[in-house]
There are 2 protein chains.
Amino acid sequence: MLSSSIAASVVQALAVRELRLTANRRAVLAALEHGQRPLTTEEVAVASSVPVSTVYRNLAELVEAGIVARVAGASGGDRHELAEAFSEHHHHHLVCIECGIVTDFTPSAQLERLIEKEVGALPDRVGFEVTHHVFDVRGRCRDCTRT
Amino acid sequence: MLSSSIAASVVQALAVRELRLTANRRAVLAALEHGQRPLTTEEVAVASSVPVSTVYRNLAELVEAGIVARVAGASGGDRHELAEAFSEHHHHHLVCIECGIVTDFTPSAQLERLIEKEVGALPDRVGFEVTHHVFDVRGRCRDCTRT
DNA sequence: ATCGCTTTGAGAACGATTCTCATTCACAGT
DNA sequence: ACTGTGAATGAGAATCGTTCTCAAAGCGAT
Ligand SMILES: [Mn+2]
Ligand SMILES: [Mn+2]
Ligand SMILES: [Zn+2]
Ligand SMILES: [Zn+2]
């Protein structure tokens with residue numbers, strides 16, 4: 001079940017693109033809201049009971065609308081989570097290069113500030129129009145370490 | 001043509017895995033050395049005139065041997081560049097979400113230091129064994145901005 | 001030259017993602 | 001409630017990047 005607090009703002013964001021909040025999209029978003037990690041398309045399909053082709057289409061639209069964020073996993077397909085405006089605060093990821101699992105991680109405020117500052121200078125410096133930054137840490141998760 | 005300075009250390013790194021520096025591998029590495037951006041597998045195949053299946057196999061082996069680094073692009077296949085030990089210093093990437101092009105970018109030493117410090121604390125903090133970090137900036141490149 | 005191992009390359013196989021299109025649905029009038 | 005219009009759906013085909021297969025060729029040591 002998609003929490004109603006989110007639903008309100010989601011409807012708005014969808015409306016801009018003339019998209020509707022259908023039962024399928026509700027189910028997809030609910031899956032992302034309740035999954036505690038970024039999910040693969042397949043995982044979303046299973047968790048939401050929405051046909052795969054529709055999940056692909058919907059996730060693409062939701063990403064386009066800024067409601068869902070694509071997270072680059074280690075392999076085996078992209079993962080997805082609710083965009084920051086619709087869920088948690090800003091955060092980054094620990095990506096396990098062994099099992100592919102992605103978990104959240106929040107760096108210090110100091111690091112974020114410095115990143116913001118540095119990234120903010122890019123447009124003037126090299127003419128690159130920044131939409132966001134990705135700061136992922138890659139390695140082996142606790143589980144994959146003890147083997 | 002692969003510069004001889006690199007060739008020396010490459011041979012060593014290959015030897016560890018009992019791999020040889022063949023003409024094909026030379027061509028693949030030369031393509032990466034002279035391309036000024038991370039290249040897709042297809043681009044490497046074209047630039048090196050090595051058959052696609054061999055390029056895939058070789059790139060995988062070279063990545064495994066730590067000679068080549070895989071760079072996550074925006075879409076349309078992974079990209080590759082010479083690993084830092086065999087080319088430039090440590091750096092990061094500007095990824096264009098429109099055309100997929102990836103260009104290098106070096107943040108301030110201060111930012112790198114802070115990242116190192118923060119990343120270095122992760123093993124003790126959450127049991128995550130770090131191999132490396134990814135700090136990519138995403139957005140639109142200069143070319144894709146003026147449209 | 002010969003042996004034992006690595007490498008090669010064309011194509012088949014595969015898995016993830018996108019496309020197609022006939023059908024169904026949602027919402028805004030009326 | 002009824003209707004019209006465009007959005008959404010879903011099953012399967014098509015596509016695309018990548019991996020696999022295997023017979024032929026290459027390399028280095030003896
Ligand atoms: Mn996350
Ligand atoms: Mn680079
Ligand atoms: Zn793991
Ligand atoms: Zn671009």
Is there a residue in residues 15-35 of chain B whose heavy atoms reach under 4.0 Å of DNA chain D, and which residues are they?
-> B:Arg20

Bend angle of the helix from C:dA1-D:dT30 to C:dT30-D:dA1, from helix axes over five pairs at each end, nearest 10° = 30°

Return yes if some donor-acceptor pair links the side-chain N/O of B:Arg79 with the main-chain N/O of B:Leu39 below 3.5 Å, else return no.
-> no

Given atom CZ of A:Arg79 and atom C1' of C:dT17, what is their separation to the nearest angstrom?
-> 17 Å

Any donor-acceptor pair under 3.5 Å from B:Glu43 side chain to B:Thr40 backbone = yes

Can you tell me if B:His34 uses its side chain to pair, donor with acceptor, with the backbone of B:Leu32 under 3.5 Å?
-> no

Answer yes or no: is there a side-chain heavy-atom contact under 4.5 Å between A:Val95 and A:Val137?
-> no

Nucleotide range of DNA chain D lying under 4.0 Å from chain A heavy atoms | D:dG6 to D:dG12

Under 4.0 Å between a Lys/Arg side-chain N and an Asp/Glu carboxylate O for B:Arg25 and B:Glu61?
-> yes

Test side-chain hydrogen bond (donor to acceptor under 3.5 Å, both in side chains) applied to A:Arg70 - qualifying residues, sequence neighbours left out = A:His80

What residues in residues 42-66 of chain B put a non-hydrogen atom under 4.0 Å from any atom of DNA chain C?
-> B:Pro51, B:Ser53, B:Thr54, B:Arg57, B:Asn58

For B:Glu98, enumerate each residue passing the salt bridge (charged side-chain N to carboxylate O under 4.0 Å, His left out) test, keeping only those at least two apart in sequence or located in another chain.
-> B:Arg140

Test of ring centre spacing under 6.0 Å for A:His133 and A:His90 | yes

